[in-house]
Amino acid sequence: MSLRGKAAIVGAALAGCGEAHGKSAMEITVEAVHGALADAVVSLGDVDAIATCQPLDMLSGLTLAQELGLNPKFTMNNRTGGSSFLSHTLWAAMLLELRLADTVLICYGSNQRTASGKLMTALGLPTYEAPYKPMFPLSSYALAADRHMTQFGTTREQLADVAVAARAWAQKNPEAFIRDPLTREDVIASRLVSDPLRVRDCCLVTDGGGALVMRRAETAKDHPRPPVYLLGGGEGTTHRDISEVPDLTVTGAAQSGATAMKMAGVKPADIDVVQLYDAFTINVILFLEDLGFCKKGEGGAFVENGGIAPGGHLPVNTNGGGLSCVHPGMYGIFTLVEAVRQLRGDAGDRQIDGAELAMAHGNGGVLSSQVTNILGTESTL
Amino acid sequence: MAAITLDSEMTDMKNSPGPDAVFAAKLAEGVFEIQKCGACGAHVFHPRVICPTCGSADLGWVAPTARGTIYARTVVRRKPERGGDYNVVLVDLEEGVRMMSRVDGITHDEIAAGLKVRASIGEGADGGPAVVFRPERGAS
């Protein structure tokens with residue numbers, strides 16, 4: 001039995017992206033939920049399974065049920081970090097296919113920018129890292145970037161080009177938080193934070209929320225918008241703490257991507273548009289390699305000189321990504337919402353013509369959890 | 001104080017301090033030791049209850065050679081008035097385990113992957129004992 005094409009996203013919405021003054025994380029979440037239910041034309045009372053993961057509320061699934069006034073059959077609160085939501089879609093597809101639930105809601109929200117101005121997390125430094133005071137999570141990604149540069153000759157300029165491409169996409173997205181021009185030189189001149197990563201290698205700190213409604217494929221066309229089918233999904237977890245990573249240059253995306261693409265019956269060259277969890281510029285290079293868009297060690301060359309920018313050889317992070325569009329602490333759900341928009345043809349100036357097959361890829365922890373989803377239009381079933 | 005041992009018998013394991021506590025107690029005594037699996041021979045760090053290579057609970061403590069090689073390095077940039085820059089590294093010990101640490105006695109910019117280093121016990125950010133490294137002088 002395969003889950004390929006058995007479930008579909010029938011509603012999607014964002015809320016509170018950028019700055020949402022005076023709102024709590026859960027209020028932003030519920031605004032997104034309201035939007036997604038309206039998009040799907042689904043009644044709140046029809047929701048019988050929910051999924052969320054919020055950084056500061058360990059029991060956020062219960063909080064969500066309470067806020068929505070629901071008594072769900074399933075409350076999913078699995079916590080793999082920012083990748084959680086791409087895992088939730090897989091669990092949703094399982095519940096739907098087994099007919100244990102009929103309508104699944106997946107959502108997230110954070111007010112971290114207006115509430116604190118920085119990443120809000122309940123996580124402390126690991127026991128065997130705390131004595132050395134790495135910046136959390138930035139130094140972990142800096143170590144990965146340092147190793148990639150050492151081992152493969154990846155350059156400072158190539159890292160910068162990831163941020164430059166994200167900004168170029170953001171300039172086509174009226175919802176993106178930062179749309180000013182950004183050059184390679186700007187990135188390299190920005191403040192050094194944890195070598196080799198500079199401020200412009202780092203994602204934004206914004207508020208924002210997103211929500212999705214999933215239903216079985218057989219009922220997906222009962223909703224007004226074109227369904228976006230989940231064709232494949234896969235996960236990989238290689239470690240929790242960066243000091244325990246088996247190989248700093250190979251992430252669990254190698255496993256999650258292969259699993260997802262096998263289930264979907266597709267290969268990287270088939271994918272029309274890619275949404276990657278770009279908390280830091282090095283992520284994109286690592287994931288493009290591990291997901292098979294280029295060979296290991298060649299990610300730097302792949303992104304160089306506009307390779308993933310508008311007009312490049314692969315459209316990556318068409319909303320502007322976490323680097324330039326939105327990043328409220330956990331970015332995973334935004335990869336899914338942008339994939340949905342592209343596959344519905346709703347992406348405005350940044351629309352990829354004829355996009356039928358999308359990849360959304362989430363990262364959790366410090367390159368620790370990797371979860372890949374393959375999504376497609378009806379034509380891909 | 002009495003030597004702390006982690007017996008492989010599960011009954012004894014229940015009555016012994018966990019490996020984190022054993023490691024910390026040794027470090028407080030000025031001793032840096034890592035675990036070695038009696039079943040498969042793999043060295044283990046961080047300290048664990050069972051061997052992540054083979055699953056055996058037969059983990060004993062051994063003194064590493066203290067020699068290692070820098071795997072990756074970063075420098076956290078901080079204003080001088082807030083204490084200045086400091087380095088954070090991942091070190092591969094000769095025994096095949098990796099750990100996070102810091103390299104003292106060398107400028108940050110001289111630290112790079114491949115640098116040979118030697119462990120000693122220094123002070124961590126919290127003021128407690130921590131394994132730190134210095135360049136292995138004369139190493140090729």
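Reminder, nothing fancy here: chain letters follow the sequence lines and each chain counts from 1.
Counting only heavy atoms from C-beta outward, the side chains of B:Met100 and A:Tyr128 never approach each other to under 4.5 Å. Between B:Arg98 and A:Val245 the shortest side-chain heavy-atom distance falls below 4.5 Å. B:Arg77 has its side chain out of reach of A:Met135: every pair of non-hydrogen atoms, C-beta onward, lies at least 4.5 Å apart.
Although no hydrogens or angles enter the test, the distance criterion places a donor-acceptor pair under 3.5 Å between the side chain of A:Arg147 and the main chain of B:Tyr71.
If you tally non-hydrogen atom pairs under 4.5 Å between each of A:Glu244, A:Met149, A:Glu129, A:Arg191 and chain B, the highest count goes to A:Glu244. Contact count against chain B (heavy-atom pairs under 4.5 Å) is highest for A:Leu192 among A:Asp241, A:Thr127, A:Leu192, A:Leu138. Ranking B:Asp20, B:Val75, B:Val88 against chain A, the residue ahead of the rest is B:Val75, based on heavy-atom pairs under 4.5 Å. Your options are A:Ser243, A:Pro126, A:Pro196, and the one with the most heavy-atom pairs under 4.5 Å with chain B is A:Ser243.
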Begin from the C-alpha positions of B:Arg78 and A:Lys133 and carry the test side-chain contact (heavy atoms from CB on, under 4.5 Å) through to its verdict.
CA-CA 12 Å; B:Arg78 197 174 51 167; A:Lys133 266 198 313 184; 3.0 Å; yes

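A side-chain N or O of A:Ser194 and one of B:Thr74 form a donor-acceptor pair less than 3.5 Å apart. With 3.5 Å as the limit, one finds no donor-acceptor pair spanning the side chains of A:Tyr132 and B:Asn87.
Residues of residues 121-131 of chain B lying under 4.5 angstrom from chain A, judged on non-hydrogen atoms, are B:Gly124, B:Ala125, B:Ala130, B:Val131 in numerical order.
Of the atoms belonging to A:Ser139, heavy atoms from both backbone and side chain fall under 4.5 Å from chain B. Both the backbone and the side chain of B:Phe45 come within less than 4.5 Å of a heavy atom of chain A. Looking at A:Ala130, only its backbone comes within 4.5 Å of chain B, counting heavy atoms on both sides. Both the backbone and the side chain of A:Ile242 have a heavy atom closer than 4.5 Å to some heavy atom of chain B.
Residue-environment remark: CZ (B:Arg102) exceeds the threshold of 12 foreign heavy atoms within 6.0 Å. Counting heavy atoms of neighbouring residues, nucleotides and ligands inside a 6.0 Å radius, atom NZ of A:Lys296 exceeds 12 of them.
Note that CG of B:Asp85 is 8.0 Å distant from CG of A:Asp195, once rounded to the nearest 0.5 Å.
Closest of all the heavy-atom pairs between B:Val89 and A:Leu143 is CA-CD2, 4.5 Å.
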